[in-house]
Amino acid sequence: MLYDGRPVELTAEQEEVASMFAIMKETDYMKKPTFLKNFWEGFKEVLGRSHVIKGLDKCDFSPIYDHLMAERDKKKALTKEEKAAIKVQKDAAEAKYKHALVDGRQEQVGNFRVEPPSLFRGRGEHPKMGKIKQRVYPRDITINIGRDAPIPEHPYPGQRWKEVRHDNTVTWLAYWRDTVNPKEYKYVWLGATSSFKAESDLLKYEKARKLKDYIDDIRKNYKRDWGSSDVRRKQMGVAVYFLDKLALRAGHEKDDDEADTVGCCTLKVENVECVPPNHIKFDFLGKDSIRYENTVDVEVPVYKAVEAFTKVDARGKRKGLRDMVFDTFDATDLNKELKALMDGLSVKVFRTYNASITLDRLLAEMEEAEDAYAGKTVDAKKADYDRANKEVAILCNHQRAVPKTHETSMAKVTEKLNAMREEIKALEEEHEAALRAKGKGKNPDAIASKLSKKMTALERAELQAAVKEDLKTVALGTSKINYMDPRITIAWCKRNEVPIEKVFNKSLLNKFHWAMDVESGFRF
DNA sequence: TTCCAGACTTGGAAAAATGTTA
DNA sequence: TAACATTTTTCCAAGTCTGGAA
């Protein structure tokens with residue numbers, strides 16, 4: 001790399017850290033002062049005290065960047081055969097790490113690779129972004145194996161695993177402490193197809209289904225609490241209403257060394273606005289610093305209550321913008337309270353319940369809206385499914401960044417649509433002409449059939465384009481993977497003769513193997 | 001009774017794989 | 001058959017929640 005225009009020699013260790021930074025050249029992190037500051041602090045330490053490099057502003061990492069790009073291009077330029085050969089080798093080397101023997105069963109391992117050193121990429125305004133995530137060695141890692149299992153080897157002679165445990169009360173295979181957030185642990189788990197994961201998945205959905213039997217009472221309860229003179233009761237009543245209506249996350253307290261995000265219990269005065277006569281406007285950063293923006297109609301008592309909660313606290317002290325709306329309890333308290341309403345109930349169950357029951361309802365409504373629904377084309381039914389999926393994703397606020405190529409690819413699609421419309425116009429004229437010619441020219445019927453084919457194609461393409469535009473900021477995957485009971489989907493497929501592969505990809509088919517034999521009449 | 005370590009689920013972005021088109 | 005678009009997989013960050021120590 002260059003410093004102040006002159007080449008600088010770096011040790012291998014220094015070069016590794018410089019490369020972590022260089023590779024991020026095109027990312028937005030480069031514009032963030034926190035990122036730059038944290039990186040410089042880490043880099044400075046690696047450079048040592050008397051190093052010629054004295055600051056980031058005179059550093060030029062582009063030689064490293066160019067080199068890394070050249071390597072990437074080289075890899076890309078390999079022939080198909082060379083790439084295939086490399087893949088075979090890689091797969092063979094990894095094969096033995098991909099499975100574990102658990103209680104006599106072969107189970108897939110999820111993440112078998114230790115996270116490599118890198119720069120921490122926190123989301124949103126994370127105070128630790130840019131810090132160096134150190135290399136993790138066997139001496140940092142605790143492994144969990146059967147009492148009689150041989151201790152697995154590792155590639156660092158002279159080192160030992162930090163600890164070898166035989167704990168059959170947990171499902172992790174290994175863990176280490178994160179070097180950026182030393183309070184946190186990184187685990188190696190079994191894959192999504194494993195018995196442990198499948199079992200807890202089923203349990204999760206069964207619990208959410210059970211909420212169905214309790215929800216009427218819970219609603220009665222919280223409505224009563226809106227009128228309570230006990231501020232805590234009243235606040236909890238409103239909070240549970242939000243969970244029920246909006247499927248918000250719990251929102252636990254966060255430290256100053258984390259991004260400032262909130263959930264239901266940590267909503268601040270600045271995050272809610274009461275808009276007369278009965279609207280509440282939510283605007284806050286939730287998990288992953290994804291913005292939640294939603295204006296909802298609420299019952300008048302809720303409106304009045306929230307208005308009061310944003311003004312003064314339980315002791316009558318005036319609140320500021322950064323004070324919490326619910327100042328009388330936190331997420332743990334709320335969960336404790338929920339346990340009293342239903343065994344095993346916690347905040348997140350509302351999200352699962354809400355997502356699943358919404359999917360179930362929407363699909364059923366679509367089926368009921370048309371006679372002979374099952375007779376629709378598979379494509380049309382799949383489009384219906386995706387629409388329902390989209391509503392669930394919006395409910396859960398699963399957003400994604402607009403794909404970088406969206407704008408250009410949309411322009412292309414529009415161009416194509418216009419070309420198709422032109423063609424149709426030309427065909428229509430040709431058809432008219434043929435009709436006028438009365439058998440002397442081309443066969444009008446042939447043109448008509450061509451025309452109708454084109455029209456269908458156009459309709460399809462228009463629908464596709466509309467869907468694409470519609471979904472540019474919505475992520476359907478998360479709800480499919482984590483929130484919608486797969487039995488709803490599978491039963492729907494069975495009822496309507498939609499091949500399940502149309503809706504679930506290979507991974508999801510595997511993940512949800514436990515749900516495959518559900519009967520077609522299943523309702524959530 | 002509170003605190004927080006520990007374990008597990010959920011989340012979007014990026015990379016890789018696959019499909020489509022020129 | 002490369003170039004581009006789309007889908008799938010991987011990565012690892014960021015949540016939730018419980019139980020047991022203090």
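Quantities reported herein were computed from a predicted structural model and do not represent experimental measurements. Residue numbering restarts at 1 for every chain, and letters A, B, ... go by the order of the sequence lines.
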Task: Pairs satisfying salt bridge (Lys or Arg N to Asp or Glu O under 4.0 Å), at least one member in residues 339-349 of chain A, at least two apart - done: none
Open item on the list: Strictly by salt bridge (Lys or Arg N to Asp or Glu O under 4.0 Å), give each pair with a member in residues 120-135 of chain A just once, sequence neighbours left out.
Closed with: A:Glu16-A:Arg135, A:Lys32-A:Glu125, A:Glu115-A:Lys133, A:Arg123-A:Asp288, A:Lys128-A:Asp257
TODO: Map A:Lys336 and A:Trp189 onto DNA chain B by nearest heavy atom, then report which one ends up closer to the 5' terminus.
DONE: A:Lys336
Contact class for [X] vs. all strands (heavy atom < 4.0 Å): base, sugar-phosphate, or nothing?
X	result
A:Gly477	nothing
A:Ser118	nothing
A:Lys254	sugar-phosphate

With sequence neighbours left out, what residues match [X] under salt bridge (Lys or Arg N to Asp or Glu O under 4.0 Å)?
X	result
A:Asp470	A:Lys390
A:Arg387	A:Asp384
A:Lys480	none
A:Arg249	none

Task: Contact residues, residues 88-105 of chain A to DNA chain B [heavy atom, < 4.0 Å] - done: none
- [ ] Could you check which residues of residues 165-179 of chain A get a heavy atom under 4.0 Å from DNA chain B? Sort them by number, please.
- [x] A:Val170, A:Thr171, A:Trp172, A:Arg177
TODO: Kindly state whether the ring of A:Phe61 and the ring of A:Tyr65 have centres lying under 6.0 angstrom apart.
DONE: no
TODO: Would you indicate which nucleotide in C:dT8, C:dG15, C:dC12 comes nearest to any side-chain atom of A:Asn505?
DONE: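 Minimum distance to the A:Asn505 side chain belongs to C:dT8.
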Task: Value in whole Å for how far the P atom of C:dT16 lies from CG of A:Leu203 - done: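 Rounded to the whole Å, the gap is 20 Å.
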Any [X] side-chain nitrogen or oxygen under 4.0 Å from OP1 or OP2 of [N]:
X	N	value
A:Lys468	C:dT6	yes
A:His126	C:dA14	yes
A:Lys412	C:dA5	yes

Open item on the list: Testing the 3.5 Å rule here: is there a donor-acceptor pair between the side chains of A:Arg351 and A:Asn354?
Closed with: no
Name the pairs: protein N/O against N/O of nucleotides 18-22 of chain B, kept only if under 3.5 Å.
none

TODO: Kindly write out the residues that satisfy side chain to side chain contact (heavy atoms under 4.5 Å, CB included) with A:Asn144, not counting sequence neighbours, or none if the list is empty.
DONE: A:Arg165, A:Asp167, A:Val170, A:Trp172
Protein and nucleotides 17-22 of chain C: nitrogen or oxygen contacts under 3.5 angstrom:
residue	atom	partner	partner atom	Å
C:dC17	OP1	A:Ser346	OG	2.9
C:dC17	OP1	A:Val347	N	3.2
C:dC17	OP1	A:Lys348	N	2.5
C:dC17	OP2	A:Asn335	ND2	3.1
C:dT18	OP1	A:Lys339	NZ	3.0

TODO: Indicate the atoms forming the closest heavy-atom contact of A:Gly286 with A:Thr261, along with that distance.
DONE: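 Closest pair (atom of A:Gly286, atom of A:Thr261, distance): O-CG2, 3.4 Å.
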Task: Taking every non-hydrogen atom, the tightest pair across A:Ile141 and A:Ala174 - done: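 Looks like CG2-CB, 4.0 Å.
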Would you tabulate the pairs of protein nitrogen or oxygen atoms and nucleotide nitrogen or oxygen atoms of nucleotides 11-15 of chain B closer than 3.5 angstrom?
residue	atom	partner	partner atom	Å
B:dG11	OP1	A:Arg249	NE	3.2
B:dG11	OP1	A:Arg249	NH2	2.8
B:dG11	OP1	A:Arg351	NH2	2.7
B:dG11	OP1	A:Tyr483	OH	2.9
B:dG11	OP2	A:His398	NE2	3.0
B:dG11	OP2	A:Tyr483	OH	3.1
B:dG11	O4'	A:Lys287	NZ	3.2
B:dG11	N2	A:Arg123	NH2	3.3
B:dG12	OP1	A:Gln399	N	3.1
B:dG12	OP1	A:Gln399	O	3.4
B:dG12	OP2	A:Thr478	OG1	2.8
B:dA13	OP2	A:Ala401	N	3.2

TODO: Evaluate whether atom CZ of A:Arg105 has more than 12 neighbouring non-hydrogen atoms of other residues, nucleotides or ligands under 6.0 angstrom away.
DONE: yes
